[in-house]
Amino acid sequence: MQNVVADIVADVRQALQDVYSVPCAMEDVTVETPPDITIGDFAVPCFSFASLYKMAPAQIAHDLAAHLCEHSTVGVWEAVGPYVNVRLHPEVLFASALRPLRPASPTGRQIMVEYLSPNTNKPLHVGHVRNGVIGMAVAALSAFVGDDVVRAEVINDRGVHICKSMLAWQRWGGGATPATTGQKGDHFVGDYYVRFAQEAVKDPSLADAAQEMLKKWEDGDAEVRALWRMMNTWVEEGFRETFAQYGFVFDREYYESEVYQRGKDIVEEGVARGVLVREDSGAVVFPLDATVFGVQKDGSAKKATLLRADGTALYATQDLALAAQKSADYPGLDASVFVVGEEQEYHFQTMFALFRAMGFSWATQCYHLSYAMVNLPTGKMKSREGTVVDADDLLADVTETVAADLRKRHGDACDDAEIARRAHIMAHAAIVFFLVKTNPKTSITFDVRTSVAMEGVTGPYVQYAYTRAKSVLRKGQARGAVASQDSLARLGAVDAERVVAQQLIMLPVTIARAASVHDPSLVAHAAFQLAQTFHSYYNSTPILTDDPDVTAARLALAEAVAEALRTVLALLTIDVLEEM
RNA sequence: GUCCUUGUAGCUCAGUGGAUAGAGCGUUUGGUUGCGGUCCAAAAGGUCGUAGGUUCAACUCCUACCAAGGACACCA
């Protein structure tokens with residue numbers, strides 16, 4: 001049996017056809033949940049039918065309810081004002097709720113999700129983590145609805161900012177390495193980046209020295225290149241550790257240093273094809289469509305520069321080269337999502353226009369998933385000034401807090417390794433859930449003391465619902481009670497039970513919507529809501545009862561909730577725990 | 001100056017034009033380990049930034065304004 005929402009839509013369309021002899025489009029029938037379960041399990045608003053049938057919504061609802069009560073087999077229908085509400089037969093409601101939540105069959109569409117893309121001059125901070133969790137979740141959502149997803153990372157491993165840490169290390173490093181200091185590589189290098197900023201305030205000539213080093217790097221100076229390779233390796237090793245800790249995975253990694261040279265060739269190709277224009281100064285620009293981008297203050301056309309007058313490459317040059325490389329690597333690519341901060345919205349608009357002009361197959365399906373900043377109560381995070389919440393420190397701190405609590409709670413029942421494992425999974429859940437539960441467009445003020453909570457709308461709260469369900473299932477098994485779908489008709493007398501089912505049924509609808517609008521926060525909210533509903537049900541209704549049929553059915557419901565929570569949390573890169 | 005985003009309870013945030021605007025935190029009160037309390041139940045708390053408009057119906061759409069953040073070619 002398919003999801004009952006589809007059955008409701010089908011029955012309503014059939015009823016409209018039968019009663020008014022005029023068909024109605026599938027998308028005109030929406031199924032929603034009534035404000036209160038006592039009104040019904042699901043509701044169909046009749047407003048959209050009014051214009052089609054030239055009748056008042058309430059009249060249509062009345063006619064529909066009368067007809068559906070006779071002809072629909074899913075439940076009992078009732079018109080309330082402009083709504084038709086249905087109270088489903090228990091076996092229909094719960095059979096639908098117990099259908100496992102599974103990924104859709106392949107769509108044949110290939111989509112790239114590019115996210116995180118760090119600079120190799122400093123460690124990752126909580127802003128990067130927000131980018132990472134959004135990227136991972138968006139990729140997982142696309143995969144869940146059947147797309148072939150490529151998770152891509154661009155490592156920004158060249159540029160003057162990289163040279164700054166290199167220069168600082170040369171001057172003040174004294175030959176120290178991550179190995180000799182016992183420091184994580186990215187932190188080690190990041191300290192020199194901060195050091196450079198401090199010294200540059202006192203000695204302005206340092207900025208020139210960094211530029212000079214960049215020139216040497218571009219000329220292929222052996223010594224500079226060797227230093228660059230060594231320090232980048234340190235940073236990357238550090239990043240890899242952080243990625244593993246947070247669960248960030250990439251199917252393809254691009255290095256800026258590898259693509260940036262090819263950028264100039266692509267630019268020449270663009271000039272030859274007339275897409276790009278070489279100006280008198282020698283700079284190459286992309287003229288922007290005035291109807292989309294407007295004009296400059298002086299009335300002249302806007303443009304984006306792809307190559308400086310002196311022939312050197314820009315950020316945009318690399319983006320173009322990267323786009324060409326992606327097209328070469330994935331000839332069947334249909335769409336591309338870029339998870340990048342909101343400050344780059346204009347840049348991506350111009351790039352997307354350029355990609356279309358260059359004729360990349362996926363260019364018409366580009367989406368800049370722009371997310372707002374993570375700020376601190378004291379203001380913006382600034383790496384150069386060291387005012388950041390470091391990704392590694394954050395996870396370590398929260399993990400330690402959770403571990404201390406677990407030790408108190410479980411004492412001797414758990415060994416240290418198990419405590420550490422659980423603490424990591426819970427701390428990770430708390431951080432990730434906090435960052436993903438807010439709409440990406442909303443800027444977050446991150447206060448370590450209050451943001452990473454364990455109660456309320458949090459990852460651990462949702463995890464706990466899973467753990468509770470699994471615990472009851474274990475306890476039931478010990479008593480010889482096993483989940484079974486044989487007596488589903490025995491469920492539904494308790495309203496809380498119906499709400500649980502209702503939420504389970506709506507879950508795939510929410511996931512599909514979240515995937516289509518690239519918004520993982522919708523999934524986080526659905527997960528929380530299901531957990532909350534289950535907690536409430538759990539407290540109000542005994543699952544293990546004296547009646548074996550009722551117990552078996554309730555266990556089946558609990559199992560479905562647990563599995564649904566596990567699946568949905570996995571979309572957010574969050575793990576569950578059998579015990580916590 | 002132009003464009004984009006945001007503005008909902010003390011705080012942090014939900015809210016596909018439609019039923020009584022919802023959660024969490026905090027506050028007050030009750031449940032005190034029962035199927036594990038990182039839980040549940042209840043109370044208090046709202047001119048949905050302001051003013052117009054469209055609509056049978058506006059937190060939702062449109063216009064203007066106010067406030068915050070961001071962007072506006074040779075930075076990334």
Side-chain angles (χ1 to χ4, degrees), chain A residues 30 32 34-36 39 43 45-48 50 56-57 80-83 85 119 156 159-161 279 281-288 293-297 302-319 341-347 349-350 370 372-373 375 380 402 405-406 409 426 430 434 437-439 441-445 447 450-451 453-465 467-469 471-476 479 481 509 513 517 521-522 524-525 528-529 531-532 535-545 551 554-555 558 579-580:
Chain A
T30 56
E32 49 190 50
D36 192 304
I39 297 171
C46 297
F47 305 102
S48 62
V80 178
Y83 294 88
N85 301 318
N119 294 321
N156 297 302
V160 71
H161 51 295
E279 300 195 317
S281 66
V284 177
V285 302
F286 174 55
L288 297 171
F293 293 94
V295 292
Q296 299 202 72
K297 285 165 203 149
K302 282 196 171 184
K303 49 202 175 184
T305 302
L306 271 299
L307 216 53
R308 285 194 190 92
D310 66 3
T312 57
L314 287 145
Y315 182 51
T317 323
Q318 290 152 27
D319 271 3
E342 64 180 0
E343 69 278 6
Q344 294 197 32
E345 257 163 32
Y346 180 81
H347 169 75
Q349 272 179 39
T350 62
S370 91
M373 297 205 178
N375 296 317
K380 280 193 191 178
V402 175
D405 194 51
L406 286 175
R409 196 181 297 269
M426 290 170 66
F434 174 78
K437 74 178 177 182
T438 301
N439 182 308
K441 290 242 179 286
T442 306
S443 57
I444 293 176
T445 301
D447 183 342
T450 58
S451 295
M454 298 287 156
E455 296 160 13
V457 187
T458 66
Y461 174 94
V462 181
Q463 287 177 318
Y464 186 52
T467 301
R468 270 185 147 177
S471 176
V472 185
L473 285 159
R474 277 196 307 274
K475 194 80 65 170
R479 298 185 195 173
V509 179
R513 201 174 131 234
V517 300
S521 71
L522 299 176
H525 281 282
F528 169 75
Q529 210 174 20
Q532 188 181 43
H535 279 308
S536 174
Y537 171 58
Y538 177 97
N539 270 39
S540 70
T541 314
I543 292 170
L544 302 176
T545 68
T551 302
R554 287 182 177 166
L555 283 172
E579 297 174 70
M580 60 188 273

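Predicted, not measured: the structure shown is a model, and the values here were computed from it. Lettering follows sequence order; numbering is per chain, from 1.
- Both distances falling under 3.5 Å, in either a Watson-Crick or a G-U wobble arrangement, occur for no nucleotide opposite B:C48.
- Look at CG on A:D319: it is 14 Å from C1' on B:A73, rounded to the nearest Å.
- Comparing B:U20 with B:U8, their P atoms are spaced 24 Å from each other, to the whole Å.
- Within the nucleic acid shown, A:A43 comes within 4.0 Å of at least one base atom, counting heavy atoms only.
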How would nucleotides 31-39 of chain B be written as a contact map, 5' to 3', with B for base contact, S for sugar-phosphate-only contact and - for no contact, using protein heavy atoms under 4.0 Å? B---BBSBB
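- Between the side chains of A:N156 and A:H161, not a single donor N or O lies within less than 3.5 Å of an accepting N or O.
- Counting only heavy atoms from C-beta outward, the side chains of A:T541 and A:R554 approach each other to under 4.5 Å.
- Comparing the same atom, P, in B:A51 and in B:C59 gives a spacing of 13 Å after rounding to whole Å.
- A:P35 comes within 4.0 angstrom of a nucleotide base, judged by non-hydrogen atoms across all strands.
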What nitrogen or oxygen pairs link the protein and nucleotides 74-76 of chain B at under 3.5 Å?
unit_1: B:C74; atom_1: O3'; unit_2: A:R308; atom_2: NE; d: 3.0
unit_1: B:C74; atom_1: O2'; unit_2: A:R308; atom_2: NE; d: 3.0
unit_1: B:C74; atom_1: O2; unit_2: A:A309; atom_2: N; d: 3.0
unit_1: B:C75; atom_1: OP2; unit_2: A:R308; atom_2: NE; d: 3.4
unit_1: B:C75; atom_1: OP2; unit_2: A:R308; atom_2: NH2; d: 3.2
unit_1: B:A76; atom_1: OP2; unit_2: A:Y315; atom_2: N; d: 3.1

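- In this structure the side chain of A:R468 reaches within 4.5 angstrom of the side chain of A:N539, judged on heavy atoms.
- The distance from atom CG of A:N439 to atom CG of A:L522, rounded to the nearest 0.5 Å, is 8.0 Å.
- Base pairing annotation: B:A71 forms a Watson-Crick or G-U wobble pair with B:U2, both donor-acceptor distances under 3.5 Å.
- Spacing between B:C75 and B:C13 at atom P, rounded to whole Å, works out to 35 Å.
- Residue-level contact check: A:I39 touches the bases, meaning some heavy atom is under 4.0 Å from a base atom.
- Straight-line distance between the P atoms of B:U38 and B:U6: roughly 38 Å, to the nearest whole Å.
- Across all strands shown, B:C35 has no partner, as no Watson-Crick or G-U wobble contact with both distances under 3.5 Å is found.
- Taking 4.0 angstrom as the limit, A:K380 places none of its side-chain polar atoms (N or O) nearer than this to OP1 or OP2 of B:G69.
- Checked against side chain to side chain donor-acceptor pair (under 3.5 Å), A:T551 has the following partners two or more places apart in sequence or in another chain: A:T545.
- If you take CZ of A:F293 and P of B:A73, they are 12 Å apart, rounded to a whole angstrom.
- Of the candidate nucleotides B:A23, B:A73, B:G15, B:A73 has the atom nearest to the side chain of A:K303.
- Annotation: B:C48 and B:G10 have their P atoms spaced 12 Å apart (nearest Å).
- Across the strands present, B:A21 finds no partner; the criterion is a Watson-Crick or G-U wobble pair with both atom distances under 3.5 angstrom.
- Every residue was checked against the ring-ring contact (aromatic ring centres under 6.0 Å, His included) condition with A:Y346, not counting sequence neighbours, and none meets it.
- Nucleotide B:C59 is matched to nothing when pairs are restricted to Watson-Crick or G-U wobble geometry with both distances under 3.5 angstrom.
- Listed by chain and number, the residues in a salt bridge (charged side-chain N to carboxylate O under 4.0 Å, His left out) with A:D36 amount to none (sequence neighbours excluded).
- In this structure, A:P57 reaches neither bases nor backbone, as no heavy-atom distance under 4.0 Å exists between it and the strands shown.
- For the P atoms, the distance linking B:A43 with B:G34 amounts to 28 Å, nearest Å.
- With values rounded to the nearest 0.5 angstrom, A:M426 atom CE is found 6.0 Å from A:M454 atom CE.
- B:U60 sits 30 Å from B:G1 when the C1' atoms are compared, rounded to a whole Å.
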Taking only nitrogen or oxygen atoms into account, show me every contact under 3.5 Å that the protein makes with nucleotides 5-13 of chain B, one pair per line with its distance.
unit_1: B:C13; atom_1: OP1; unit_2: A:S443; atom_2: O; d: 3.4

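- A:V457 is not listed as a side-chain neighbour of A:Y461, based on a closest heavy-atom distance of 4.5 Å or more.
- We find that CG of A:D447 is positioned 14 Å from C1' of B:G26, with the value rounded to whole Å.
- Between A:M373 and A:P34, the one whose closest nucleotide on RNA chain B sits nearer the 5' end is A:P34.
- When rounded to the nearest whole Å, the span between CD of A:Q529 and P of B:G24 equals 11 Å.
- Distance alone, capped at 3.5 Å, is enough to place a donor-acceptor pair between the A:S451 side chain and the A:D447 backbone.
- Remark: A:R474 CZ to A:E579 CD distance equals 5.0 Å, nearest 0.5 Å.
- In this structure, B:A43 and B:U27 make a Watson-Crick or G-U wobble pair, each of the two defining distances being under 3.5 angstrom.
- Residues A:L555 and A:L473 are in side-chain contact: their nearest non-hydrogen atoms beyond the backbone lie under 4.5 Å apart.
- Here the separation of B:A14 from B:G30, taken at their C1' atoms, is 28 Å to the nearest Å.
- Residue A:R308 is tested with A:T312, A:T305, A:D310 for a side-chain hydrogen bond (donor to acceptor under 3.5 Å, both in side chains); the sole match is A:T312.
- The backbone N or O of A:L306 sits less than 3.5 Å from a side-chain atom of A:T317, completing a donor-acceptor pair.
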